[in-house]
Every structure is written in structure tokens, then in C-alpha cells.
Student: 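After the C-alpha cells below, expect a handful of questions from me.
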There are 2 protein chains.
Amino acid sequence: MQSQNISDIIEKYLKSILAESQEVEIKRSEMAQLFNCVPSQINYVINTRFNIQNGYIVRSKRGGGGYIRIAKVNLVDDCDVLDELIGIVGESITFKESFQLIKSLFQADVLTQTTANLLLAVIDKKTLNFGDVELENMLRARIMKSILNRLKYDG
Amino acid sequence: MQSQNISDIIEKYLKSILAESQEVEIKRSEMAQLFNCVPSQINYVINTRFNIQNGYIVRSKRGGGGYIRIAKVNLVDDCDVLDELIGIVGESITFKESFQLIKSLFQADVLTQTTANLLLAVIDKKTLNFGDVELENMLRARIMKSILNRLKYDG
DNA sequence: TGGAATTTGACTAATATTGACTATTATTAT
DNA sequence: ATAATAATAGTCAATATTAGTCAAATTCCA
């Protein structure tokens, strides 16, 4: 058998529930008690095993009635193409390059005209200009990568 | 799914009524009694879930025969509301407020589901986080205003 | 044996609940 | 009319209830 560390056990437990349903909702502290670990270990498991690369999205709320919800998502077919584009964006990208990228996504029918135009407004030089071009391009890269990551799944 | 805090339950109750009609009128104290909470919790629910960002306006009156009225506003053809929203964004806006705003725009059919989701990814805390919350909120405000302005002159 | 993965806990952040105090409006008494 | 009183709703800050972050310590393994 494989290693029996607590993180793996928690992962299996959550995935066994997710095998039956699309989504699972937990309370972090209850979970920690159930598996006799500190609450932050639940975060560790979620961060290392239930990220978007693995096909999961996580939403949570603090305060009274707080929760953590993990949901399976359907990754689109061109997932690896998007990953490639994310690599190309890197840590910094100009408006011109981003413009080309968004235009390509529109031409590939990944984005509608309206959506593409809105995104262009978002990454426009005027929107992101702070008198520091490097900061601007860095910020634009993060925005572009968020967009590409979001395009990996629908719903 | 089963977030069991009172605020969520009150919110759902009010929205179930608003699903049928354009407006709902309540008495704060009756409401509090119905849900077995203190009266000020009604204000909490209204302030956090029925503000203008969420697409609602609230009017109230104190004294005998007092009331609280919650009404849905029409974002599509109410230009004043759009301008008010731009004003609310101002120079700084949190993710939560922006989230509510984008959700409202979606519910008003100003944005498609896909576009709304992409914009939410853009203004996400992780996307705009540079270790400085004020900078983050400032960036988000500029992005939100770009979006709203684009929508204003767009069809 | 050295780096990666895991475990732990102190500190932080977000959200909800509560109640004392305040403000406004309506009604009643003088 | 005016003043007193009753009947509402609003504000704000303290407290409670969650989840998140980060890095040090520990364990695992190639």
C-alpha cells in the first residue's frame, strides 16, 4: 500500500465523497477533529490536492456558519493549449502581445466579441498605467493568466 | 448548501419573496421575532446583502407604522443607477463589493455567465494581490471602472 | 543525506451575533 | 399647539465563530 500519512487519508476521504456527488461541503474544524489533526492541515490538503490543475475549485466562507466547499469541474479539451499560453505569458506581457492573444482567442471562438472587447478594456494601458511600465506588464500578465486559467473549465 | 447561519436564512426568505414581486415590505421587529434574533441583525442582513451593489434599494421609516422596504432596481435601463455604481467604485473597492456588482450585472442580463465568470477571475484577490491591500483595491477600482465605462457605451 | 513533503501552531482575517445607545416618527395628553 | 410618551428603525462596537497564512519543526524518501 501507499504511504499512510494523514494528508493522503483526508484526500481519499474527500475524494470518496466526490465520487458520489459533484460537490462536498465541510467545516474545517470538524474535519480536523475527525482526523485528529490541526485545522490548517485541511488547508494543506486542499492546496496540494484540490487545486484547479486537479480539476477542482474551492470556495469558502469564514464566520458563523462558515464552510469549505470543494467542487469538481469539467476541464475543457484545450486545457493543455491554455497551459501553453500561460507559459508564454510568463511574468510580464505588453498590451500589444495581450491584444494579439485575446484576438486569437476570439478568432478561435473561445471568446465572444463582447467578452473580448471587455477584456481588452481591462488590460488597456490606460487601465493599468501606474507610471511604471514593468509593474504594468507584470500586472497584465497576472490578469491574463487568471483569464486563461478560468477558461480551462466552464460553469 | 446548508449554510446554517441566521443571516443566510433571512436573506433567502427575503429573496424568495422578491422572486415573486418587485418589492417587499417588512417590520423589523416582527422579522426579528420570526427568525428569533435581535432586531439589528435585520439591519446586518440588509446592509450586507441588499445594498445597491446587489441591485436593491432600501427605504425605511421609523415610528408608529414604521417599515423597511426592499426593492429590486433595474440596472439595464436605469442610467442613474449605473452612474451611482461608478461613483460607489470610486478609487478603491474590495473584492466582495465587486463580486456583488458583477453578479448584479449578470442577473440584469448586462453580462453573460461566461463573461461574468471571467471578470470575477480578473478581479480576484489572488490575481491582484501584491502584498498591499490598498494597492489591490485601487487596482480593482480602476479595472471595475474600465468595465463599467465600457458597458456604458457598448451594446 | 539533503531536499521535498508533511505536520504543527501562533498569528491574522473575514463574517456573524448581540445589545446598549441613538434617532426618527406617530400618537396622546395637556 | 405643544409637550410628553410610545413605537418604531439605525448605529456602532464588543464578542463570537469560523477559515487563511506562514514559517518553523519534523518526517519521509530517493
Side-chain angles (χ1 to χ4, degrees), chain A residues 1-14 24-51 53-54 57-71, chain B residues 1-14 24-51 53-54 57-71 93-100 124-134 136-137 140:
Chain A
M1 287 318 257
Q2 59 261 77
S3 61
Q4 283 300 358
N5 64 65
I6 300 178
S7 292
D8 286 343
I9 293 169
I10 296 171
E11 175 191 5
K12 269 187 213 158
Y13 172 78
L14 292 173
V24 58
E25 175 175 320
I26 61 171
K27 282 195 172 299
R28 191 178 74 149
S29 53
E30 281 180 7
M31 215 56 185
Q33 230 175 351
L34 181 60
F35 290 101
N36 197 37
C37 64
V38 294
S40 62
Q41 179 138 25
I42 307 303
N43 295 94
Y44 175 74
V45 172
I46 285 172
N47 291 332
T48 55
R49 287 136 163 106
F50 292 91
N51 47 39
Q53 282 84 358
N54 290 308
I57 55 170
V58 178
R59 288 161 297 156
S60 65
K61 196 167 73 163
R62 308 185 195 186
Y67 57 78
I68 300 177
R69 282 184 205 148
I70 306 172
Chain B
M1 211 50 144
Q2 58 270 25
S3 355
Q4 284 302 17
N5 66 70
I6 299 176
S7 294
D8 285 345
I9 293 169
I10 296 170
E11 175 191 3
K12 270 184 209 154
Y13 172 78
L14 292 173
V24 58
E25 175 175 321
I26 61 170
K27 282 194 171 301
R28 190 178 75 149
S29 53
E30 280 180 7
M31 213 58 186
Q33 228 174 354
L34 180 60
F35 290 101
N36 197 38
C37 65
V38 295
S40 61
Q41 179 139 24
I42 307 303
N43 296 92
Y44 175 74
V45 172
I46 286 172
N47 291 332
T48 54
R49 287 133 163 104
F50 293 92
N51 50 35
Q53 291 101 312
N54 279 302
I57 54 171
V58 178
R59 288 158 297 156
S60 64
K61 199 170 70 164
R62 308 185 193 188
Y67 57 79
I68 301 177
R69 280 185 206 143
I70 305 172
I93 189 169
T94 64
F95 169 73
K96 197 178 167 187
E97 290 174 304
S98 305
F99 173 83
Q100 294 173 340
D124 193 271
K125 292 179 79 67
K126 288 201 176 78
T127 305
L128 303 181
N129 171 41
F130 285 92
D132 179 346
V133 179
E134 249 328 295
E136 173 192 323
N137 290 342
R140 189 178 290 111

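Each chain gets a letter, A, B and so on, in the order the sequences are listed, and its residues count up from 1. Reckoned from all heavy atoms, side chains included, excluding hydrogens, waters and symmetry mates.
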Student: What's A:G64 touching, base or sugar-phosphate or nothing? Going by heavy atoms closer than 4.0 Å.
Tutor: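 Counting heavy atoms under 4.0 Å across all strands, the contact made by A:G64 includes a base.
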
Student: Once you round it to whole Å, what is the distance between C1' of C:dT8 and CD of A:Q33?
Tutor: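 About 17 Å, once rounded to whole Å.
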
Student: Could you tell me how far apart B:Y67 (OH) and C:dT24 (P) are, to the nearest whole angstrom?
Tutor: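 These atoms are roughly 15 Å apart.
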
Student: How long is the straight-line distance from CZ of A:R59 back to CD1 of A:I68, given to the nearest 0.5 Å?
Tutor: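 Answer for the CD1-CZ pair, A:I68 versus A:R59, is 12.5 Å.
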
Student: Measure the distance from CZ on B:R28 to P on C:dT17 and round it to the nearest whole Å.
Tutor: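 These atoms are roughly 16 Å apart.
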
Student: For A:I6 and D:dC28, what is the distance between atoms CD1 and P respectively, to the nearest whole Å?
Tutor: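 So the two atoms are 11 Å apart, to the nearest Å.
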
Student: Looking at C:dA16, I'd like to know if its phosphate oxygens (OP1 or OP2) sit under 4.0 Å from a side-chain N or O belonging to A:K61.
Tutor: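 Yes, within the criterion.
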
Student: Mark yes when over 12 heavy atoms from residues, nucleotides or ligands other than A:N36 sit less than 6.0 Å from its CG; otherwise mark no.
Tutor: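 Not buried by this count: 12 neighbours or fewer within 6.0 Å.
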
Student: Please list, in numerical order, the residues of residues 34-43 of chain B that have a heavy atom closer than 4.0 Å to any atom of DNA chain C.
Tutor: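 Only B:V38, B:S40, B:Q41 qualify.
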
Student: Counting the atoms with a prime plus P, OP1 and OP2 as sugar-phosphate, which does B:G63 contact under 4.0 Å by heavy atoms, base, sugar-phosphate, or nothing?
Tutor: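 Touches a base.
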
Student: Find the distance between CG (B:N54) and CZ (B:F99) and round it off to the nearest 0.5 Å.
Tutor: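 If I round to the nearest 0.5 Å, the distance is 9.0 Å.
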
Student: Which whole-number value in Å describes the distance from B:Q4 CD to D:dT18 P?
Tutor: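 Rounded to whole Å, this separation is 12 Å.
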
Student: Pairs in or reaching into residues 31-44 of chain B: which pass salt bridge (charged side-chain N to carboxylate O under 4.0 Å, His left out), with residues at least two apart or in two chains?
Tutor: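 Checked against salt bridge (charged side-chain N to carboxylate O under 4.0 Å, His left out) - neighbours excluded - no pair reaches residues 31-44 of chain B.
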
Student: Given atom CG of A:D8 and atom P of C:dT7, what is their separation to the nearest angstrom?
Tutor: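 Value for this atom pair: 8 Å.
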
Student: Should B:S7 be listed as having a side-chain N or O under 4.0 Å from OP1 or OP2 of C:dT15?
Tutor: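 Result: no.
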
Student: Give the rounded distance in Å between these two atoms: NZ of B:K96 and C1' of D:dG20.
Tutor: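 So the two atoms are 16 Å apart, to the nearest Å.
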
Student: Evaluate B:I93 against B:Q53 for side chain to side chain contact (heavy atoms under 4.5 Å, CB included), listing each step before the verdict.
Tutor: CA-CA 11 Å; B:I93 189 169; B:Q53 291 101 312; 5.6 Å; no

Student: So which nucleotide from C:dA5, D:dA19, D:dA9 ends up closest to the side chain of A:S29?
Tutor: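 Looking only at side-chain atoms, A:S29 lies closest to D:dA19.
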
Student: Roughly, in whole Å, what's the span from CG in B:N5 to P in D:dT17?
Tutor: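 It works out to 13 Å between those atoms.
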
Student: Atom OG1 of A:T48 and atom CG of A:N51: how far apart are they, to the nearest 0.5 Å?
Tutor: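 Between A:T48 OG1 and A:N51 CG, I get 8.0 Å after rounding to 0.5 Å.
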
Student: Assign each of B:K126 and B:K27 to its nearest nucleotide of DNA chain D by heavy atoms, then name whichever residue's nucleotide is nearer the 5' end.
Tutor: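 Final value for this comparison: B:K27.
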
Student: Side-chain N or O of A:R49 less than 4.0 angstrom from OP1 or OP2 on C:dT6?
Tutor: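 Checking A:R49 against C:dT6: at least one side-chain N or O falls below 4.0 Å of OP1 or OP2.
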
Student: When you measure from the side chain of A:I68, which nucleotide among D:dA19, D:dG10, C:dA16 comes out closest?
Tutor: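 Ranking D:dA19, D:dG10, C:dA16 by closest atom to the A:I68 side chain puts D:dA19 first.
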
Student: To the nearest 0.5 Å, tell me how far B:K125 NZ sits from B:R140 CZ.
Tutor: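 Answer for the NZ-CZ pair, B:K125 versus B:R140, is 6.0 Å.
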
Student: Could you pick out which residue, B:K125 or B:R62, lies toward the 5' side of DNA chain C when each is mapped onto its nearest nucleotide?
Tutor: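 On the 5' side of the pair lies B:K125.
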
